[in-house]
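Below is one structure; the comments refer to it alone.
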There are 2 protein chains.
Amino acid sequence: MHFYFNLKAGQPLYLQLSQQIRHAVETGALRPGDQLPGIRTLAEQLVVSAATVAKAYSLLESEGVLELRHGSGAFLAVGLKPLKHVENARARVRAVVARLREEGLEDDQIRRLFEAELLYQTEKAAGR
Amino acid sequence: MHFYFNLKAGQPLYLQLSQQIRHAVETGALRPGDQLPGIRTLAEQLVVSAATVAKAYSLLESEGVLELRHGSGAFLAVGLKPLKHVENARARVRAVVARLREEGLEDDQIRRLFEAELLYQTEKAAGR
DNA sequence: ACTGCTGTATTGTTACACCAATACAGTTCC
DNA sequence: GGAACTGTATTGGTGTAACAATACAGCAGT
């Protein structure tokens with residue numbers, strides 16, 4: 001597994017990382033019981049500090065996604081299963097993003113489009 | 001116009017606001033020459049500090065989206081035009097998001113799905 | 001001119017993200 | 001036992017986000 005950062009996002013790096021790991025589990029790219037790279041190793045790969053990776057791991061542990069075994073390493077919690085509906089949705093999302101790009105939309109415009117849609121529908125549900 | 005914040009996003013409020021204004025321009029919800037609410041007025045509506053709104057406005061001005069007239073107010077730059085291809089893409093995005101929700105996906109899962117897709121394709125283009 | 005609106009600027013405070021560096025404490029293996 | 005790996009914890013520093021509170025300065029209407 002390799003991860004990327006969006007440095008212009010304004011979103012904390014440790015959050016971006018934890019979300020990407022979560023996503024890898026949901027799509028089956030990472031499987032329950034798998035061992036993740038060590039704090040320092042991954043930090044070096046991503047060119048961030050070890051504390052940042054530790055924070056991401058620690059967050060995932062508190063969410064039940066990771067099991068941190070002091071002295072041994074970080075392992076994906078057993079009992080997690082890839083979510084088939086997420087896995088299936090990937091093709092659809094990929095197609096839409098490709099299509100939007102063909103139409104000349106910038107990544108940021110695509111992000112705003114989706115974020116607006118998500119916010120809109122949740123706020124509508126909340127009765128605004 | 002009314003705006004919302006995603007407090008769990010980890011993204012700065014002033015960025016969220018500026019992006020929503022940008023989006024409103026792109027989709028035609030706000031038009032060139034339109035006057036935006038005053039710093040203090042909008043801050044009260046959104047329950048944030050006036051400095052946060054000022055920061056968002058100031059950012060948009062530096063990007064050429066807003067024209068800040070000291071003493072008069074904030075106006076959308078003339079010479080901006082709604083982007084038809086963004087406007088058209090909205091329906092497609094709305095349909096996909098609705099579909100994903102019907103399939104039982106959480107908002108966060110949808111966000112991860114799209115962010116992963118956007119990151120993946122840009123990094124692929126960069127030759128990783 | 002005055003009043004009331006605008007954006008602008010400053011100060012000070014709190015909290016957090018991120019970093020580097022270091023030490024500490026479990027685990028595994030030779 | 002000792003070496004080499006793990007995660008954990010602490011310290012100290014930098015930069016930014018966000019707040020409150022205040023003052024300043026431009027513009028418009030009465």
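Each chain gets a letter, A, B and so on, in the order its sequence line appears, and its residues count up from 1.
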Can you confirm whether more than 12 heavy atoms, excluding those of B:Glu44, are under 6.0 Å from its CD atom?
no
Presence of salt bridge, A:Glu103 and A:Arg99, under 4.0 angstrom:
yes
Want to settle it: does A:Arg69 or B:Pro37 sit nearer the 5' end of DNA chain C, counting the closest nucleotide to each?
B:Pro37
Heavy-atom side-chain contact between B:Val48 and B:Leu42 under 4.5 Å
no
Length of the line joining B:Glu44:CD and D:dA21:P, which is rounded to integer Å
14 Å
Taking for each residue the nucleotide of DNA chain C bearing the nearest heavy atom, is the 5' side occupied by A:Ser72 or by A:Leu15?
A:Leu15
Rounded to whole angstroms, how far apart are CZ on B:Phe75 and C1' on D:dC27?
11 Å
Assign B:Ala50 to base, sugar-phosphate, or nothing according to its heavy-atom contacts below 4.0 angstrom with the strands shown.
nothing
In whole angstroms, how far is the P atom of D:dA18 from the CG atom of B:Leu59?
12 Å
Euclidean distance, atom CD of residue B:Gln16 to atom P of D:dA17 [Å, nearest integer]
13 Å
Would B:Arg111 and A:Phe114 count as a cation-pi pair here, with the cationic atom under 6.0 angstrom from the ring centre and within 45° of the axis?
no
In whole angstroms, the gap separating C1' of D:dA28 from NE2 of B:His70 amounts to 13 Å
CG/A:Leu36 to OG1/A:Thr41 distance, rounded to the nearest 0.5 angstrom?
11.0 Å
Salt bridge flag under 4.0 Å for residues B:Arg101 and B:Asp107:
yes
Just the rounded figure in Å: distance from P of D:dA20 to CG of B:Leu13.
12 Å
At the 4.0 Å heavy-atom cut-off to chain B, mark where contacts on DNA chain C begin and end, going 5' to 3'.
C:dT6 to C:dT8
Helix axis bend for the helix from C:dA1-D:dT30 to C:dC30-D:dG1 - C1'-based end axes, five pairs, 10° rounding
10°
Within this structure, what is the CD1-to-C1' distance between A:Ile39 and D:dG7, rounded to whole angstrom?
6 Å
So, A:Glu26 and A:Arg90, do they make that salt bridge, N to O below 4.0 Å?
no
Mind checking the CG-CG spacing from A:Leu60 to A:Leu66? Nearest 0.5 Å is all I need.
5.0 Å
Send over the distance from A:Glu67 CD to D:dG7 C1', rounded to a whole Å.
13 Å
Are more than 12 heavy atoms from other residues, nucleotides or ligands located less than 6.0 Å from atom CZ of A:Arg92?
yes
